[in-house]
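Here's the structure, in structure tokens; my notes come after.
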Amino acid sequence: MKFSNFFIPTLKDVSSDVKMKSHELMIKSGMIRQETSGIYSWLPLGYRVLKKIINKIEKIHDEGGVNQILMPTIQSSDIWKISDRYETYGKEMLRITDRNKKELLYGPTNEEMITAIGRQYIKSYKTLPRKFYHIQSKFRDEIRPRFGVMRAREFLMKDAYSFDIDEKNAEITYHDFYKLYLKIFEELNIPVIPVRAPSGEIGGNLSHEFHLIVESGESEIFIGEDVLKKKFNELSYKEVLDLKSFTDDYYKQTNFTEKLKSYKSIEIAHIFLFGTKYSSSFKFDVDSDKGKFKPFMGSYGIGVSRIPAAFIEYSNDKNGIIWPHSIAPFSIQLINLLTDDNQCLDFCDKLYIELIRNGFDVIYDDRTERPGIKFSDADLIGTPIQIIIGNSLKKNNEISIIKRKEKVEQKININEINNYLSNMLRKVI
RNA sequence: CGGGGAGUAGCGCAGCCUGGUAGCGCAUCUGUUUUGGGAACAGAGGGUCGCAGGUUCAAAUCCUGUCUCCCCGACCA
């Protein structure tokens with residue numbers, strides 16, 4: 001992508017209302033635009049980040065045998081009356097009336113709808129387990145939205161749902177999702193901590209949240225000394241349950257006497273095993289050799305649109321965002337400092353094509369701006385690798401490579417570029 | 001919902017107390033000189049001051065109402 005053809009409305013100043021670093025940087029870098037309280041547009045740069053995250057989530061769910069579907073944002077009140085949540089969900093539910101005075105709502109979650117789907121088609125125990133997921137906008141009319149997309153009213157969530165024949169099998173599915181989530185965050189380079197959580201409003205008795213530890217986090221978690229060193233995805237189901245790692249709510253409601261360390265954090269995912277709560281209210285019966293039974297269900301959510309903000313909160317400096325390759329909007333920023341010099345222009349054009357051919361996500365700053373602007377834009381939007389072409393190409397046949405995170409400049413002779421790139425390629429992709 | 005703040009040019013802000021031709025920085029446009037870390041100079045364009053009503057010779061400024069946004073608490077991915 002050429003910078004001159006890519007819409008990045010960067011800003012120097014944001015309103016003093018903006019308090020959180022990630023919120024500030026997302027607006028400054030032109031990732032998002034607020035439409036109204038708690039509702040945001042994702043601009044090209046931000047949407048690229050979102051799509052990187054979505055792609056990874058899809059890939060790993062698909063590999064895990066979870067079927068992707070797409071349910072609507074608007075739901076009928078009927079199914080919510082069956083589960084009795086139409087009343088209990090309260091004012092967070094955005095209720096809508098259509099022209100025929102039918103009561104609709106913008107879905108805050110989809111347990112009811114997936115249960116209705118399951119009930120219609122799943123008739124035999126032989127077809128279980130079944131796992132579904134979808135990535136769709138949700139709306140929760142928060143009392144006080146804040147911090148940009150971190151606590152928005154409309155937000156993008158990946159929610160998955162599972163049906164099993166009994167509790168024992170459901171626990172296996174739950175543990176599979178636990179590991180699936182760890183894999184997703186590992187591949188995204190987001191170091192999450194799984195913590196035991198109370199189930200709350202969805203119901204059931206087993207629940208974990210996945211938190212990213214950051215100073216400015218709104219949540220608080222309590223974990224044992226050794227927990228941070230654990231390889232969570234190697235834990236057995238029993239070890240998962242025994243892990244000394246809790247949300248503050250859960251910690252308070254247990255009589256746990258051992259002192260644990262507390263950290264501020266951001267919750268980015270949440271999994272529940274809630275059993276037959278919805279299959280019961282929906283009279284969702286499945287036949288087996290031992291008669292009818294109600295499937296055991298679980299639900300598994302990832303706050304997709306919260307992840308960019310959470311990660312920026314975790315990884316930034318005074319100049320801007322510091323992305324890892326896994327979720328960076330671009331991996332390489334190719335910066336031509338001498339746009340009116342034929343040698344540099346020609347070199348950059350060729351290198352740009354070469355980089356694309358090698359599978360890099362590259363943004364090519366071909367603008368006729370001053371160097372300072374190009375550098376500060378590159379730092380702001382946080383591209384992991386900057387390749388700089390300018391005077392040193394003309395004088396010494398050298399180009400510069402700056403890694404955003406380390407901030408060290410490395411000069412490379414143009415004869416060694418191919419070597420260097422193929423080396424880098426191995427690490428990046 | 002309780003408590004507190006704010007709506008003035010594309011963005012960030014001042015002006016309001018004490019009514020009298022609407023300002024600053026950034027951005028934009030033109031020109032010249034610059035060009036390895038957000039350039040300098042000269043010029044230009046751009047605002048029914050959130051909306052509605054009232055007071056007044058005169059309202060961004062005072063009064064009333066209203067809408068919106070933000071911040072601090074309880075809800076949540």
Side-chain angles (χ1 to χ4, degrees), chain A residues 9-20 23-24 27-28 30 33-39 88-93 107-110 135-160 181 192 197-198 200-202 207-212 218-219 247 249 265-272 299-310 318-320 335-341 344 365 367-380 386 388-396 398-400 402 407 409 411:
Chain A
T10 59
L11 296 172
K12 282 189 189 174
D13 300 309
V14 297
S15 164
S16 54
D17 282 343
V18 173
K19 295 287 156 67
M20 202 171 235
H23 189 192
E24 177 192 328
I27 291 173
K28 273 191 180 169
R33 172 184 185 270
Q34 178 171 325
E35 297 303 335
T36 185
S37 179
I39 299 178
T88 60
Y89 209 93
K91 288 188 171 178
E92 270 194 32
M93 179 184 281
T109 180
N110 287 60
I135 297 173
Q136 177 65 289
S137 289
K138 301 282 183 290
F139 195 96
R140 296 181 188 172
D141 199 357
E142 295 276 342
I143 294 166
R144 190 155 84 84
R146 61 187 121 169
F147 305 140
V149 293
M150 191 78 84
R151 164 150 298 119
R153 294 193 293 170
E154 184 178 327
F155 59 97
L156 196 62
M157 181 160 116
K158 189 287 307 183
D159 41 329
Y181 271 33
V192 295
E201 192 272 331
I202 288 185
S207 176
H208 283 85
E209 296 179 0
F210 295 77
H211 283 246
L212 179 63
E218 284 193 280
S219 305
T247 67
D249 287 357
S265 64
I266 299 171
E267 177 190 355
I268 52 183
H270 201 161
I271 59 177
F272 301 88
S299 75
Y300 316 88
I302 297 178
V304 177
S305 53
R306 175 181 281 185
I307 290 176
K318 64 177 172 20
N319 296 316
I335 300 174
N336 183 5
L337 295 179
L338 299 176
T339 47
D340 52 3
D341 178 90
C344 285
D365 197 338
R367 296 174 299 168
T368 54
E369 292 288 355
R370 299 170 63 80
I373 290 178
K374 296 189 179 188
F375 288 131
S376 45
D377 276 347
D379 287 349
L380 176 63
Q386 303 168 4
I388 295 137
I389 316 296
N391 277 325
S392 45
L393 176 74
K394 298 182 72 67
K395 286 181 195 151
N396 311 315
E398 283 180 342
I399 66 170
S400 287
I402 298 179
K407 256 309 195 183
E409 181 166 359
K411 301 241 181 193

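Residue numbering restarts at 1 for every chain, and letters A, B, ... go by the order of the sequence lines.
Nucleic acid contact class of A:Glu142 (heavy atoms, under 4.0 Å, all strands): base. Using a 4.0 Å heavy-atom distance criterion, A:Val14 is classed as a sugar-phosphate-only contact. At the heavy-atom level, A:Ala152 lies under 4.0 Å from base atoms of the strands shown.
Contact check for A:Ile135 versus A:Leu156: side-chain heavy atoms found under the 4.5 Å cut-off.
The CD1-C1' distance, from A:Ile135 to B:A77, rounds to 14 Å in whole Å. Atom-to-atom, CD of A:Glu218 to P of B:C76 comes out at 13 Å; the value is rounded to the nearest Å. Per the geometry, CG belonging to A:Asp249 stands 8 Å off P belonging to B:C76, to the nearest Å. With rounding to whole Å, A:Lys138 atom NZ is found 12 Å from B:A77 atom P.
Across all strands shown, B:U35 has no partner, as no Watson-Crick or G-U wobble contact with both distances under 3.5 Å is found. Under the Watson-Crick and G-U wobble criteria, each requiring two contacts below 3.5 Å, nucleotide B:U64 is paired to B:A52. If you check B:C29 for Watson-Crick or wobble pairing at under 3.5 angstrom, you find it paired to B:G43. Across all strands shown, B:G73 forms a Watson-Crick or G-U wobble pair, both distances under 3.5 Å, with B:C1. When both pairing distances are held under 3.5 Å, B:A59 makes no Watson-Crick or G-U pair with any nucleotide shown. When both pairing distances are held under 3.5 Å, B:U18 makes no Watson-Crick or G-U pair with any nucleotide shown. Base pairing annotation: B:G12 forms a Watson-Crick or G-U wobble pair with B:C24, both donor-acceptor distances under 3.5 Å.
Taking CD of A:Glu218 as the reference point, atom CE of A:Met150 lies at 7.5 Å (rounded to 0.5 Å). Between A:His270 atom NE2 and A:Glu209 atom CD the span is 4.0 Å, to the nearest 0.5 Å. Rounded to the nearest 0.5 angstrom, A:Ile271 CD1 and A:Ile302 CD1 are separated by 10.0 Å.
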**OP:** Summarise protein proximity over nucleotides 35-42 of chain B in one line of letters, 5' to 3': B for base, S for sugar-phosphate only, - for none, counting protein heavy atoms closer than 4.0 Å.
**Re:** SBBBB---
Subject >> Contact pattern, 5' to 3', of nucleotides 68-74 of chain B - B, S or - by protein heavy atom under 4.0 Å >> reply: -SSBBBB
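B:G7 and B:C63 are spaced 15 Å apart, taking the P atom of each and rounding to whole Å. Distance check on atom C1': B:C62 versus B:U68 gives 23 Å, rounded to whole Å. Distance check on atom C1': B:G46 versus B:A6 gives 24 Å, rounded to whole Å. Straight-line distance between the P atoms of B:C51 and B:A60: roughly 11 Å, to the nearest whole Å. B:G50 and B:A59 have their C1' atoms separated by 16 Å, given to the nearest Å. The gap from the P atom of B:G15 to that of B:C24 amounts to 15 Å, rounded to the nearest Å. Taking atom P in both B:A14 and B:U8, the straight-line distance is 11 Å, to the nearest Å. The P atoms of B:A27 and B:A40 are separated by 9 Å, rounded to the nearest whole Å.
Between the side chain of A:Lys374 and the main chain of A:Arg367, a donor-acceptor pair closer than 3.5 Å is present. No side-chain donor-acceptor contact under 3.5 Å links A:Arg306 to the backbone of A:Phe155. Here the side chain of A:Arg146 pairs no donor or acceptor atom with the backbone of A:Arg151 at under 3.5 angstrom. A:Arg140 contributes a side-chain N or O that, together with a main-chain N or O of A:Pro108, makes up a donor-acceptor pair within less than 3.5 Å. In this structure a side-chain-to-backbone donor-acceptor pair under 3.5 Å is present from A:Lys158 to A:Tyr300.
Between A:Tyr181 and A:Phe210, the two ring planes are tilted [angle within 30° to 60°].
Side-chain N/O atoms of A:Arg151 and base N/O atoms of B:C76 include a donor-acceptor pair closer than 3.5 Å.
Along RNA chain B, the nucleotide nearest to A:Asp13 and the one nearest to A:His270 differ in position, and the one closer to the 5' end is contacted by A:Asp13.
The closest side-chain donor-acceptor pair between A:Gln136 and A:Asp159, if any, does not fall under 3.5 angstrom.
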